[in-house]
Novice: 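Below is a structure I'd like to ask you about.
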Amino acid sequence: MSEDEVLAQMKVLLLAGYETTSTSLTWALIELSRHPDVQTRLREELLAFGPDPTYDQLKASLPYLDAVVHEILRLHPAVPEFTRCARVDDVVPLSEPVCTESGKMTDSISIAKGSLLVISIRATNRSSAIWGPDAKEFKPDRWLTEDGISGKAKEVQGHRHLLTFVDGPRTCLGKDFAITEFKAVLSVLVKNFVFEMRDGPDTEVEIARGILPRPRVVGEDGIGVPLRVRRFE
Ligand code: HEM
């Protein structure tokens with residue numbers, strides 16, 4: 001590879017490989033601070049497990065850690081939308097008819113070759129039509145129900161019925177690495193430290209524009225969500 005090609009790859013890897021996982025971890029610490037009961041239950045699972053888990057154990061032996069991580073990936077996808085360009089003229093059938101701007105009902109959408117399509121990962125992951133009436137709530141337990149993910153969510157293609165890593169030939173290349181890294185870092189942090197919102201659990205958080213959208217406390221400048229951290233004794 002030429003020097004320019006190496007540099008171009010570094011930009012992709014810094015954005016794709018660092019910003020995404022870092023933002024997801026930030027959201028995890030925020031939600032655990034807002035939900036101390038979930039934080040305690042996660043710590044209990046990690047302490048009961050004992051030694052630092054191996055790669056395989058991180059994947060399969062810590063169900064509550066898995067549930068917390070996937071609930072964060074569902075509710076706060078680091079990449080909130082993606083864009084695709086139609087390579088041919090096409091007609092896309094809709095699962096349910098929609099009303100157009102002119103008031104006509106239609107059960108399909110015509111797409112001209114060359115059109116750019118923006119698909120919202122965040123809206124799909126948070127849709128109550130897909131995930132049920134509590135879709136916008138942080139509820140790791142939804143990943144632990146006996147019949148697994150229920151309802152229309154099962155029809156969503158993608159890792160664990162989430163659009164978070166997109167799907168198909170351009171799916172995220174680093175998803176297994178990202179999930180394992182997310183679990184490894186979160187487990188070390190939660191095992192050793194207790195996290196609280198600096199101004200209490202009801203602190204309002206909004207999304208600020210950075211390289212990727214990042215959380216910030218409403219009314220504060222810059223990007224960041226200050227937390228109180230103390231060692232778990
Ligand atoms: C929670 C963490 C991550 C999330 C949510 C995430 C999400 C995504 C998404 C949505 C895309 C598709 C973007 C698009 O097509 O417009 C993507 C692509 C990609 N991701 Fe990730 N990613 C994460 C972590 C990582 C990590 C850790 C790496 C590498 C170590 C990585 C490498 C890549 C690469 C190389 C692509 C481009 C794939 C292609 O276009 O063929 N990602 N990622």
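Both counts, for ligands and for their atoms, begin at 1 and track the order of listing. None of these values were measured; they are calculated from a predicted model.
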Novice: Heavy-atom pairs closer than 4.0 Å: do any link ligand 1 to the side chain of F177, the backbone, both, or neither?
Specialist: side chain
Novice: Just wondering, do W131 and L162 contact through their side chains at under 4.5 Å, heavy atoms?
Specialist: yes
Novice: Between P140 and I72, is there a side-chain heavy-atom distance shorter than 4.5 Å?
Specialist: no
Novice: Give the single entry among I179, L13, V166 that approaches atom 9 (C) of ligand 1 most closely by any heavy atom.
Specialist: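 Closest candidate by heavy-atom distance is V166.
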Novice: How would you list, by chain and number, every residue that makes a side chain to side chain donor-acceptor pair (under 3.5 Å) with E196, sequence neighbours excluded?
Specialist: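 By the side chain to side chain donor-acceptor pair (under 3.5 Å) rule, E196 matches no residue at all.
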Novice: Does S24 have a heavy atom less than 4.0 Å from any atom of ligand 1?
Specialist: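 Yes; S24 lies near enough to ligand 1 that a heavy-atom distance drops under 4.0 Å.
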Novice: Just to be sure I read this right, does ligand 1 sit under 4.0 Å from the backbone of R84, its side chain, both, or neither, counting only heavy atoms?
Specialist: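 The part of R84 near ligand 1 is the side chain, not the backbone.
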Novice: Looking only at N/O atoms, are T164 and ligand 1 under 3.5 Å apart anywhere?
Specialist: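 By distance alone, the answer is no.
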Novice: Quick one: list whatever passes side chain to side chain contact (heavy atoms under 4.5 Å, CB included) with L75, sequence neighbours left out.
Specialist: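 With neighbours one apart ignored, the set is E31, R126, F138.
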Novice: Is it the case that atom CD1 in I211 sees more than 12 heavy atoms from other parts of the structure closer than 6.0 Å?
Specialist: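 Check fails, neighbour count at 12 or below.
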Novice: Please identify each residue that fulfils ring pair (Phe, Tyr, Trp, His ring centres under 6.0 Å) with F195, with sequence neighbours left out.
Specialist: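 None.
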Novice: Do E45 and V68 have side-chain heavy atoms sitting under 4.5 Å apart?
Specialist: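 No, every pair of side-chain atoms sits at 4.5 Å or beyond.
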Novice: Going only through I, L, V, M, F, W and Y residues with side-chain contacts under 4.5 Å, is there a path from Y64 to F193?
Specialist: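 Yes; tracing contacts between hydrophobic side chains, which count when under 4.5 Å, links both residues.
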Novice: Can you check the number of protein N/O/S atoms within less than 2.8 Å of atom 21 (Fe) of ligand 1?
Specialist: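 Number of qualifying protein atoms: 1.
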